[in-house]
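Right, one structure below, let's go through it.
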Amino acid sequence: MFITAEEVKGLSSFEEVKAISNEQIETYMDRADSWIRRATNSPAIELSDNEALRKDMRLATWMLVEYLVYWDDPDNKEDAIAQEDNVRIGSYSYSLKPNEGDYLKTGIRELDGILEAWRYSWNVGNFFLGCQDHQGSDVIED
């Protein structure tokens, strides 16, 4: 993991996040880590020693925890079903109608931008050279 439960609570501006237990926060962090691995197409991203990547993933984990807590609230789910096009979460604003094929995107531009910037594209040419992120740093260590 890129961040601790205490750090998530300290950074969050949402009372709902601050009010839940560290164990619940860690469950959300596990979900966020899984989302990050899928969105970046990098199952071993947490093994990277790239400091910029680790900072970005810390922010992404925190933002995803807030996003997941928000969407786990039954009232917010009901509002989404009401067919509104845009939602605001604090200072975040996003669209409920993602583009086709964008199921890994949240609609939060900053968060989606972080995840997209670190998305790894696999191809046969680089498969045998090792796994590197977009900046050329090793993602999987030997």
Side-chain angles (χ1 to χ4, degrees), residues 1-81 84-142:
M1 292 190 193
F2 301 98
I3 192 170
T4 67
E6 286 299 322
E7 289 174 313
V8 168
K9 285 183 172 184
L11 290 169
S12 183
S13 59
F14 298 116
E15 291 304 317
E16 296 87 344
V17 173
K18 293 178 181 193
I20 60 179
S21 71
N22 283 357
E23 291 77 23
Q24 289 174 302
I25 293 282
E26 288 170 6
T27 300
Y28 282 109
M29 289 168 49
D30 288 341
R31 289 173 62 190
D33 285 348
S34 180
W35 187 312
I36 288 168
R37 285 191 304 276
R38 289 189 313 270
T40 61
N41 197 26
S42 183
I45 195 165
E46 70 275 0
L47 299 177
S48 176
D49 60 356
N50 182 309
E51 192 59 34
L53 178 141
R54 296 193 69 75
K55 285 180 181 179
D56 278 352
M57 293 306 107
R58 180 177 181 269
L59 289 173
T61 301
W62 160 50
M63 294 172 76
L64 278 168
V65 166
E66 288 185 338
Y67 179 85
L68 293 167
V69 168
Y70 178 84
W71 280 111
D72 278 354
D73 182 284
D75 291 335
N76 295 330
K77 287 181 184 179
E78 186 176 316
D79 289 344
I81 295 171
E84 293 187 26
D85 290 344
N86 295 301
V87 173
R88 291 193 72 76
I89 305 176
S91 62
Y92 305 128
S93 174
Y94 64 92
S95 171
L96 289 174
K97 299 183 188 251
N99 295 328
E100 185 67 30
D102 286 347
Y103 64 94
L104 290 175
K105 295 195 175 184
T106 64
I108 300 171
R109 288 184 182 155
E110 180 181 8
L111 175 56
D112 292 338
I114 289 169
L115 295 174
E116 184 64 30
W118 293 102
R119 182 159 180 78
Y120 186 81
S121 297
W122 294 87
N123 65 47
V124 176
N126 64 12
F127 180 75
F128 296 103
L129 296 175
C131 298
Q132 295 184 337
D133 60 28
H134 75 284
Q135 295 178 351
S137 299
D138 288 337
V139 174
I140 299 175
E141 305 286 329
D142 288 329

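Treat the numbers as computed from the prediction; the structure is a model and nothing was measured.
Rounded to the nearest 0.5 Å, atoms OH (Tyr70) and CG (Asp75) are 9.5 Å apart. From Leu68, atom CG reaches atom CG of Asp72 across 6.5 Å, with rounding to the nearest 0.5 Å. Between Lys18 atom NZ and Ser13 atom OG the span is 7.0 Å, to the nearest 0.5 Å. Atoms CG and CE, from Asp56 and Met63 in turn, are 10.5 Å apart once rounded to the nearest 0.5 Å. Here the CG atom belonging to Asp33 is positioned 6.0 Å from the CZ atom belonging to Phe2, to the nearest 0.5 angstrom.
Using a 4.5 Å heavy-atom threshold, the side chains of Ile114 and Met57 count as touching. With contacts defined as side-chain heavy-atom distances shorter than 4.5 Å, the pair Leu11/Ile3 qualifies. Inter-residue side-chain proximity for Lys55 and Glu51 is flagged as met; some heavy-atom pair is nearer than 4.5 Å. Looking at heavy atoms from C-beta onward, Trp118 lies in side-chain contact with Asn50 at the 4.5 angstrom threshold. With contacts defined as side-chain heavy-atom distances shorter than 4.5 Å, the pair Lys9/Asn22 qualifies. For the pair Leu111/Leu115, a side-chain contact is recorded, criterion being any heavy-atom separation below 4.5 Å from C-beta on. Under the 4.5 Å side-chain criterion, counting only non-hydrogen atoms from C-beta, Val17 is not in contact with Trp62.
Residues Glu66 and Ser12 come closest through the heavy atom pair OE2-OG, 2.8 Å. Annotation for Met29 and Thr61: closest pair CG-CG2, 4.3 Å, computed over non-hydrogen atoms. Summarising the geometry of Glu7 relative to Arg58, their closest heavy-atom pair is OE2-NH2, 3.5 Å, with the distance given to 0.1 Å.
Proximity of a side-chain donor or acceptor of Arg54 to a complementary backbone N or O of Glu46 within less than 3.5 Å is detected.
No hydrogens or angles considered: nothing links the side chains of Arg31 and Thr27 as a donor-acceptor pair under 3.5 Å.
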Ile20 and Tyr28: side-chain contact (heavy atoms from CB on, under 4.5 Å), yes or no, with the steps?
-> CA-CA 11 Å; Ile20 60 179; Tyr28 282 109; 3.8 Å; yes
